[in-house]
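Worksheet: one structure, shown below.
Each ligand, and each atom within it, is numbered from 1 in the order the structure gives.
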Amino acid sequence: MTETKLPPARILGIETSCDETAAAVVEDGRRVLSNVVASQNELRAEYGGVFPEVASREHIRTIYSVVEESLAQAHLVLADVDAIAVTRGPGLPGSLVVGLNMAKGMALGSGKPLVGINHLEGHLYSAWIQVDDEEEQKPEPEFPLLALLVSGGHTELVLMHEHLSYERLGGTLDDAAGEAFDKIGRLLGLSYPGGPAIEEAAKEGKPTAFKFPRAWLEGTWDFSFSGLKTAVLHQVLKLTEEMGLELDLVVEDVAASFQAAVVDVLVTKTRFAAQEFGAKELLVAGGVSANQALRTLIAKDTPGLVHIPPIHLCTDNAAMIAAAGYYRFVHGKVDGLEIDAMPTWPLGEVG
Ligand code: KG4
Ligand code: ZN
């Protein structure tokens with residue numbers, strides 16, 4: 001099944017699964033006509049993370065203007081789009097319902113079809129999006145494809161044989177990769193979210209300064225980051241309490257060594273899985289795929305293409321929801337107005 005055989009369609013996407021209020025218009029699953037993201041950065045900083053009640057109230061305040069802006073930036077009105085795609089889950093219930101109700105209201109008022117999207121499916125489809133300022137046309141990912149999905153809530157290895165088909169090979173047994181970055185960021189006194197802050201600190205540090213453990217979990221395609229987290233905590237306590245060093249002095253080396261341990265396990269296991277399952281190409285998506293150390297290592301010496309979204313499409317956005325919405329819509333997978341939010345929704349399970 002190749003993209004060229006699929007019919008044209010413009011999809012309005014809406015995403016409110018966590019604390020980003022986002023709307024976008026995407027054409028033919030790959031061309032972004034607009035991509036508006038309102039982030040709750042100040043609230044995150046104030047609360048030291050995402051506070052569900054605050055996040056959903058903020059979505060209510062901003063959703064209407066964000067959707068309006070996405071249509072205006074695309075120079076379109078609602079009548080010009082073919083369907084409305086919206087994140088149904090997984091995510092925070094109070095956040096999901098804001099986007100879902102907005103999408104339902106628009107679908108009811110306009111008669112446009114509604115397409116419910118799994119947020120994780122959205123992250124995977126961000127790798128299909130073509131970015132205008134890229135020098136060459138980016139080739140479309142080819143199946144069978146091995147996908148590593150690494151976000152704040154998930155770490156999953158998924159085999160895709162064709163569009164919209166997901167075989168889950170394994171996932172984290174404890175913290176998600178992004179969650180581990182966030183927790184270690186907090187331990188090191190860095191700003192929230194921890195991922196970008198650790199990446200920044202790691203630039204000045206030595207990745208070999210501390211030999212942190214790698215949980216290989218041989219014989220499975222699962223991951224675990226709790227042992228690594230504990231090892232980092234013990235190392236920090238040793239440096240600061242036993243040796244009396246200032247945290248500031250060791251942050252960069254700890255950040256670099258921690259990041260190297262996470263990236264090593266993610267890249268090694270993904271490559272092995274690709275070999276084992278005969279995947280032609282690799283795909284990496286989700287917030288953690290913005291990490292340059294991960295992007296560089298996985299692209300190095302990997303046979304076949306590695307598809308990673310541009311940095312601004314790695315973290316939560318609605319262009320990825322509209323892209324996934326396109327593939328569902330053109331395959332006839334539309335939903336009724338009765339669909340509900342799915343706060344817990346494993347990828348590949350029917351909603
Ligand atoms: O996909 P996402 O925006 O939201 C979820 O669906 O969870 O991912 C957010 C996660 C956070 O845990 C954040 O720390 C992590 O992605 N992240 C990064 C980087 N940028 C975001 N982790 C490592 N390096 C980064 N540059
Ligand atoms: Zn996400």
Side-chain angles (χ1 to χ4, degrees), residues 13-22 24 35 37-41 44-45 48-50 52 55 87-92 95-96 99 117-127 147-156 171-172 174-188 190-203 205 207 225 228-229 255-256 258-267 283-298 308-321 323-324 342-347:
I14 297 178
E15 152 69 35
T16 60
S17 67
C18 189
D19 67 342
E20 253 97 20
T21 317
N35 185 25
V37 183
S39 294
Q40 303 180 9
N41 290 336
R44 275 185 199 173
V50 180
T87 307
R88 277 182 80 184
L92 301 171
S95 289
L96 289 166
I117 301 293
N118 184 305
H119 180 80
L120 308 179
E121 180 171 55
H123 274 301
L124 295 181
Y125 273 92
S126 61
L148 170 70
L149 183 65
V150 269
S151 69
H154 293 84
T155 301
E156 314 259 330
T172 184
D174 36 62
D175 286 346
E179 197 179 354
F181 269 96
D182 294 339
K183 288 180 178 169
I184 296 301
R186 198 165 297 143
L187 171 74
L188 296 178
L190 301 173
S191 57
Y192 183 90
I198 286 184
E199 178 171 5
E200 195 52 39
K203 283 183 189 157
F225 297 106
L228 169 62
K229 221 174 49 188
F258 162 77
Q259 178 176 272
V262 175
V263 168
D264 188 10
V265 175
L266 292 175
V267 170
L283 188 161
V284 190
V288 181
S289 67
N291 186 278
Q292 200 53 56
L294 172 61
R295 298 168 80 92
T296 306
L297 193 68
I298 202 150
I308 314 180
I311 306 257
H312 73 283
L313 294 177
C314 289
T315 46
D316 289 351
N317 65 85
M320 68 186 198
I321 302 303
M342 308 258 286
T344 310
W345 187 10
L347 184 66

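In this structure, the side chains of L120 and W345 stay at 4.5 Å or more apart for every pair of heavy atoms.
If you put the vertex on the Zn ion (ligand 2), NE2 of H123 and OD1 of D316 sit 100° apart, to the nearest 10°.
Taking all atoms of both residues into account, the shortest heavy-atom contact from A324 to G122 is CB-CA, 4.1 Å. The two residues I117 and E121 have their closest heavy-atom pair at CG2-OE1, 4.1 Å. Across all non-hydrogen atoms, the minimal contact from S289 to C314 is OG-SG, 3.2 Å. Here the closest heavy-atom approach between residue L294 and residue V267 is recorded as CD1-CG2, 3.6 Å. Pairing each heavy atom of A285 with each of S126, the nearest pair is CB-OG, 4.1 Å.
The nearest N, O or S atom of C18 is not closer to the Zn ion (ligand 2) than 2.8 Å. At least one N, O or S atom of H119 sits under 2.8 Å from the Zn ion (ligand 2).
With salt bridges taken as basic N to acidic carboxylate O contacts below 4.0 Å, none links E199 and K203.
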Using a 3.5 Å cut-off on N/O to N/O, what pairs does ligand 1 make with the protein? A line per pair would be great.
{"unit_1": "ligand 1", "atom_1": "1 (O)", "unit_2": "H123", "atom_2": "NE2", "d": "3.0"}
{"unit_1": "ligand 1", "atom_1": "1 (O)", "unit_2": "G287", "atom_2": "N", "d": "3.0"}
{"unit_1": "ligand 1", "atom_1": "1 (O)", "unit_2": "D316", "atom_2": "OD1", "d": "3.2"}
{"unit_1": "ligand 1", "atom_1": "3 (O)", "unit_2": "D316", "atom_2": "N", "d": "3.0"}
{"unit_1": "ligand 1", "atom_1": "3 (O)", "unit_2": "D316", "atom_2": "OD1", "d": "3.3"}
{"unit_1": "ligand 1", "atom_1": "4 (O)", "unit_2": "D316", "atom_2": "OD1", "d": "3.2"}
{"unit_1": "ligand 1", "atom_1": "4 (O)", "unit_2": "D316", "atom_2": "OD2", "d": "3.2"}
{"unit_1": "ligand 1", "atom_1": "6 (O)", "unit_2": "H119", "atom_2": "NE2", "d": "3.1"}
{"unit_1": "ligand 1", "atom_1": "6 (O)", "unit_2": "D316", "atom_2": "OD1", "d": "3.3"}
{"unit_1": "ligand 1", "atom_1": "7 (O)", "unit_2": "G152", "atom_2": "N", "d": "2.8"}
{"unit_1": "ligand 1", "atom_1": "7 (O)", "unit_2": "G153", "atom_2": "N", "d": "3.4"}
{"unit_1": "ligand 1", "atom_1": "8 (O)", "unit_2": "G152", "atom_2": "N", "d": "3.4"}
{"unit_1": "ligand 1", "atom_1": "12 (O)", "unit_2": "G178", "atom_2": "O", "d": "3.1"}
{"unit_1": "ligand 1", "atom_1": "12 (O)", "unit_2": "D182", "atom_2": "OD1", "d": "3.4"}
{"unit_1": "ligand 1", "atom_1": "12 (O)", "unit_2": "D182", "atom_2": "OD2", "d": "2.8"}
{"unit_1": "ligand 1", "atom_1": "14 (O)", "unit_2": "D182", "atom_2": "OD1", "d": "2.7"}
{"unit_1": "ligand 1", "atom_1": "14 (O)", "unit_2": "G195", "atom_2": "N", "d": "3.0"}
{"unit_1": "ligand 1", "atom_1": "20 (N)", "unit_2": "G287", "atom_2": "O", "d": "3.4"}
{"unit_1": "ligand 1", "atom_1": "24 (N)", "unit_2": "N291", "atom_2": "ND2", "d": "3.0"}
{"unit_1": "ligand 1", "atom_1": "26 (N)", "unit_2": "E199", "atom_2": "OE1", "d": "2.7"}

